[in-house]
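In what follows, residues are counted from 1 in the order of the sequence shown. Quick caveat, the model's predicted, so the values are computed rather than measured. FYI, side chains are in, hydrogens and waters are out, and symmetry mates aren't considered; it's all heavy atoms of this structure.
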Amino acid sequence: MITREEIANVLDQPVYDGDGNKIGDAKHVFFDDMTGRPEWVSVKTGMLGSSESFVPVRDAALVQDHLEVPYGKDQVKGAPTVDVDAGGHLSESEEHRLYDYYGINFDSVLSEAERTDDGRWAAGPGTAGAAGTVGAAGLAGTGQAGSAGGTTGREDAWDRADMTDESAMTRSEEQMHIGVERRESGRARLRKYVVTEEVQQTVPVTHEEVRVVREPITDANRDEALAGPEISEAEHEVTLHAERPVVETETVPVERVRMTMEEHTENETVRGQVRKERIEAETELIEEDDMRRDRE
């Protein structure tokens with residue numbers, strides 16, 4: 001559970017579930033009217049923070065620069081929509097409905113609210129109307145006190161007390177809360193176009209050539225040589241062949257191309273101005289003649 005001192009580190013900070021998924025940004029913190037402990041946090045969800053869901057902070061933890069809750073992102077986004085009245089209060093029925101949704105036993109919440117940190121009853125055991133219901137949660141940062149029992153009220157995150165002594169005064173200062181917004185920074189698209197390239201490849205080709213071969217007359221070929229006329233003219237024709245390259249193309253798939261998006265986190269320094277009050281003590285000395293005059 002977060003403490004009252006950690007409220008300033010919660011407001012406007014990211015809220016994550018147990019699996020590391022960002023749910024949204026913390027907007028308000030509600031306190032229990034009986035115990036004064038933080039009970040609920042409202043989380044801005046949806047596009048541009050258009051929705052607001054309530055999450056119990058009894059089991060939440062402040063981890064570095066964000067709040068981590070033990071509930072899934074979808075469960076938080078699907079929480080019942082509750083109405084906060086003009087005084088910043090949740091009704092008992094609305095709060096009961098939220099506890100049922102998150103599976104929290106309302107009787108156990110009641111028991112915790114009825115007892116103080118030292119084990120005493122926050123109100124008499126017989127006052128069921130005031131202490132029999134969980135007192136409620138107040139909205140941090142509005143400065144309006146919550147009601148006594150059974151409703152949820154706003155109160156200042158720092159519980160500033162009214163000045164009761166004329167010799168004391170309250171010093172205030174502004175605090176800067178920084179958040180982030182998501183906006184469109186550019187567009188990317190895949191475009192396919194055709195280019196023509198020159199391709200060169202060497203292939204072997206063959207061709208036929210004529211060669212004159214002279215053979216002497218032997219006993220083996222004598223009969224074949226004497227088969228024709230003794231003296232004559234003759235002509236013999238031979239067909240020559242040659243290979244030549246033939247080019248054809250076919251389309252085949254070679255790769256798949258797609259775009260993916262990656263998130264990169266960078267640190268940016270933000271500067272602003274805040275106002276702070278300063279208190280100085282001034283002492284005025286009384287002259288001795290004036291003191292003597294007062295005695296007379």
Heavy atoms, side chains only, cut-off 4.5 Å: are [X] and [Y] in contact?
{"X": "V69", "Y": "V57", "value": "no"}
{"X": "V257", "Y": "L190", "value": "yes"}
{"X": "P56", "Y": "Y71", "value": "yes"}
{"X": "E95", "Y": "E39", "value": "yes"}
{"X": "Y99", "Y": "R97", "value": "no"}

Please tabulate, for side-chain N and O atoms in residues 13-20, each donor-acceptor pair with protein atoms closer than 3.5 Å (sequence neighbours left out).
residue : atom : partner : partner atom : Å
D17     : OD1  : D19     : N            : 3.1
D17     : OD1  : G20     : N            : 3.1
D17     : OD1  : N21     : N            : 2.8
D17     : OD2  : N21     : ND2          : 3.3
D17     : OD2  : K73     : N            : 3.2

Can you name the nearest heavy-atom pair linking [X] to [Y], along with the distance?
{"X": "A26", "Y": "V41", "answer": "CB-CG2, 3.8 Å"}
{"X": "T218", "Y": "N221", "answer": "N-OD1, 2.6 Å"}
{"X": "E94", "Y": "V82", "answer": "OE1-CG1, 3.4 Å"}

Task: For L226, all residues meeting side-chain contact (heavy atoms from CB on, under 4.5 Å), sequence neighbours excluded - done: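 Result, side-chain contact (heavy atoms from CB on, under 4.5 Å) vs L226: R222.
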Distance from [X] atom [atom1] to [Y] atom [atom2], nearest 0.5 Å?
{"X": "E5", "Y": "L62", "atom1": "CD", "atom2": "CG", "answer": "12.0 Å"}
{"X": "T206", "Y": "E243", "atom1": "OG1", "atom2": "CD", "answer": "3.0 Å"}
{"X": "E52", "Y": "D25", "atom1": "CD", "atom2": "CG", "answer": "11.0 Å"}
{"X": "Q175", "Y": "D12", "atom1": "CD", "atom2": "CG", "answer": "11.5 Å"}
{"X": "T3", "Y": "R37", "atom1": "OG1", "atom2": "CZ", "answer": "12.0 Å"}
{"X": "I23", "Y": "T45", "atom1": "CD1", "atom2": "OG1", "answer": "9.0 Å"}

TODO: Using the test ring-ring contact (aromatic ring centres under 6.0 Å, His included), find all partners of Y101 that sit at least two apart in sequence or belong to another chain.
DONE: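 Y101 satisfies ring-ring contact (aromatic ring centres under 6.0 Å, His included) with no residue once adjacent residues are dropped.
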Open item on the list: So, using ring-ring contact (aromatic ring centres under 6.0 Å, His included) as the criterion, who are the partners of H177 when residues are at least two apart?
Closed with: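 For H177, no residue satisfies ring-ring contact (aromatic ring centres under 6.0 Å, His included) once neighbours in sequence are set aside.
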- [ ] Could you give me the CA-CA distance, side-chain angles and deciding distance for H66 and K22, then say whether side-chain contact (heavy atoms from CB on, under 4.5 Å) is met?
- [x] CA-CA 9 Å; H66 67 271; K22 181 179 178 181; over 6 Å; no
- [ ] Fit a plane to each ring of W40 and Y102, take the angle between them on a 0 to 90° scale, and name the class: parallel (under 30°), tilted (30 to 60°) or perpendicular (over 60°).
- [x]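 If you compare the ring of W40 with that of Y102, the planes turn out tilted.
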Open item on the list: Going by salt bridge (Lys or Arg N to Asp or Glu O under 4.0 Å), name the residues that satisfy it together with E68, two or more places apart in sequence or in a different chain.
Closed with: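 None.
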TODO: Check salt bridge (Lys or Arg N to Asp or Glu O under 4.0 Å) between R256 and all other residues, then give those that pass, not counting sequence neighbours.
DONE: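 Counting only residues at least two positions away or on another chain, R256 forms no salt bridge (Lys or Arg N to Asp or Glu O under 4.0 Å).
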Task: E173/R171 salt bridge by N-O under 4.0 Å criterion - done: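 Salt bridge: yes.
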Task: Shared hydrophobic cluster for V270 and V274 (ILVMFWY, side-chain gaps under 4.5 Å) - done: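 Yes: a chain of side-chain contacts under 4.5 Å links V270 to V274.
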- [ ] Test salt bridge (Lys or Arg N to Asp or Glu O under 4.0 Å) on E255 and K192 and set out the steps.
- [x] CA-CA 13 Å; E255 66 178 352; K192 184 170 69 171; over 6 Å; no
TODO: Could you give me the CA-CA distance, side-chain angles and deciding distance for T260 and R258, then say whether side-chain contact (heavy atoms from CB on, under 4.5 Å) is met?
DONE: CA-CA 7 Å; T260 61; R258 67 175 181 270; 4.2 Å; yes
Open item on the list: The test is side-chain contact (heavy atoms from CB on, under 4.5 Å); show your working for R58 and I104 and say whether it passes.
Closed with: CA-CA 10 Å; R58 55 177 41 233; I104 299 175; 3.9 Å; yes
TODO: Taking atom CD of E174 as the centre, report whether more than 12 heavy atoms of other residues, nucleotides or ligands fall under 6.0 Å from it.
DONE: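 More than 12 heavy atoms, drawn from other residues, nucleotides or ligands, come within 6.0 Å of this atom.
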Open item on the list: Atom CD of residue position Q64 - does it have more than 12 heavy atoms of other residues, nucleotides or ligands inside 6.0 Å?
Closed with: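 No, because the 6.0 Å sphere around CD of Q64 holds 12 heavy atoms or fewer from other groups.
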Task: Any side-chain donor near an acceptor of the partner, H207 and E209, under 3.5 Å - done: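 The answer is yes; a qualifying pair exists.
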